[in-house]
Amino acid sequence: MFYKIMIRVVQGLIWLINGRVTVLNREKLPAGNYVLVGPHRTWWDPVFFAVAGIPNEYMFMAKKEVFKNPLIGWFVRHANGFPVDRAKPGPSAIKIPVKGLKNSNLSLVIFPSGSRHSNDMKEGALLIARMAKKPIVPLVYQGPLKFKELFKRNNVTLAYGDPINPADFPKNDAESAPLFDQTLKQTFDDLDQQINPNWHYVDQNPEKAQK
């Protein structure tokens, strides 16, 4: 119930700040829950991902440091967030979302690159989808990369891609990881082209990509 209330509040705030958000290819969303993946371009694109999918509900990973603050930690947990140690993810980073996908109606939002400053796709999304036997749905965000630009209104577009069947990839990680990486990058590029072929992502903090 907390999630249902908060996501509607957030949806209203986005409308007040940014105006209408355009969502393309919504018909591609499968019945049931799924693993939603996209390139991580801003700190607020997870919020747009969740709002675009209403009435679907999502769970998401959050770095463990977020939960050190009792108030923020409580809020994130009740919004279906769960802690992950980015330095040492451990088995729980896989087991928790797999269990959630199998035993609830929640879908999972995950950014395979892990960081806004990385282009390398991680195989975690594929492993989770494979173990939970759920489809992978690509989604890209095109819009402001600086918060103040959101106030210019009506300048955010998101586009869904065709669902990806995790069973289509080899079970051998050495073979599946690069193929999955290539598939996602091509899919994200195609969706960017569909939205606006002249739009290009520019990392706002490129120095972090070197770390």
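Aromatic rings from Phe49 and Phe111 are positioned such that their centres are separated by under 6.0 Å. Ring centroid separation for the pair Tyr3 and Tyr58 does not come in under the 6.0 Å cut-off.
Of the charged side-chain nitrogens involved, none lies within less than 4.0 Å of a carboxylate oxygen, so that Asp189 and Lys185 do not count as a salt-bridged pair.
When all heavy atoms of Pro135 and Tyr34 are compared, the pair lying nearest together is O-CB, 3.4 Å. The minimum heavy-atom distance between Val202 and Leu145, with the atom names listed, is O-CD1, 3.4 Å. Heavy-atom minimum distance, Pro178 versus Asp173: CD-O, 4.2 Å. Contact between Lys68 and Pro70 at its shortest, heavy atoms only, is O-CD, 3.3 Å. Nearest heavy atom pair, residue Pro39 against residue Asp45, reads O-OD2, 3.7 Å. The nearest pair of heavy atoms linking Leu101 to Ser107 is CD2-CA, 4.1 Å.
No more than 12 heavy atoms of other residues, nucleotides or ligands shown are found within 6.0 angstrom of NZ on Lys63. Heavy-atom contacts from other residues, nucleotides or ligands closer than 6.0 Å to CH2 of Trp15 number 12 or fewer.
Cluster membership for Val156 and Trp43, using ILVMFWY side-chain heavy atoms within less than 4.5 angstrom, is shared. Met131 and Ile164 fall within the same hydrophobic cluster, where Ile, Leu, Val, Met, Phe, Trp and Tyr residues are linked whenever their side-chain heavy atoms come under 4.5 Å apart, directly or through other members. Leu13 and Phe151 fall into different hydrophobic clusters, where Ile, Leu, Val, Met, Phe, Trp and Tyr side chains are chained together by heavy-atom contacts under 4.5 Å. Two different hydrophobic clusters hold Ile7 and Phe75 under the rule that ILVMFWY side chains link at heavy-atom gaps under 4.5 Å. Cluster annotation: Ile136 and Leu179 are assigned to the same hydrophobic cluster (Ile/Leu/Val/Met/Phe/Trp/Tyr, side-chain heavy-atom contacts under 4.5 Å, transitive).
Distance check: Ile110 CD1 to Ile128 CD1 gives 4.0 Å after rounding to the nearest 0.5 Å. The CG atom of Asp190 lies 4.5 Å from the CD atom of Gln186; values are rounded to the nearest 0.5 Å. Remark: Thr42 OG1 to Tyr201 OH distance equals 8.5 Å, nearest 0.5 Å. Annotation: the span from Arg153 atom CZ to Ile17 atom CD1 amounts to 9.5 Å, rounded to 0.5 Å. To the nearest 0.5 angstrom, Phe48 atom CZ is 5.0 Å from Leu150 atom CG.
A donor-acceptor pair under 3.5 Å is absent between the side-chain atoms of His78 and the main chain of Asn80, judged by distance alone. In this structure, Arg41 contributes its side chain and Tyr141 its backbone to a donor-acceptor pair below 3.5 Å. Between the side chain of Arg26 and the main chain of Ala52, a donor-acceptor pair closer than 3.5 Å is present. Side chain of Asn155 to main chain of Pro144: no donor-acceptor pair is present (N/O by atom type, distance under 3.5 Å, no hydrogens or angles). Formation of a donor-acceptor pair under 3.5 Å by the Asn25 side chain with backbone atoms of Tyr160 is found in this model. One N or O on the side chain of Gln142 and one on the backbone of Asp192 form a donor-acceptor pair closer than 3.5 Å. Formation of a donor-acceptor pair under 3.5 Å by the Arg130 side chain with backbone atoms of Asn165 is not found in this model.
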Set out, in order, the CA-CA distance, both residues' side-chain angles and the distance that settles side chain to side chain contact (heavy atoms under 4.5 Å, CB included) for Ile54 and Arg8, then state yes or no.
CA-CA 9 Å; Ile54 292 174; Arg8 291 297 184 179; 3.2 Å; yes
Given side chain to side chain contact (heavy atoms under 4.5 Å, CB included), test Asn105 with Asn33 step by step and report yes or no.
CA-CA 6 Å; Asn105 65 341; Asn33 55 354; 5.6 Å; no
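Taking 4.5 Å as the limit, some side-chain heavy atom of Met61 sits within range of a side-chain heavy atom of Phe82. Taking the side chain as every heavy atom from C-beta outward, Pro46 and His40 approach each other to under 4.5 Å.
Scored by the side chain to side chain contact (heavy atoms under 4.5 Å, CB included) test, Thr22 finds Arg20, Leu24, Thr157 as partners (sequence neighbours excluded).
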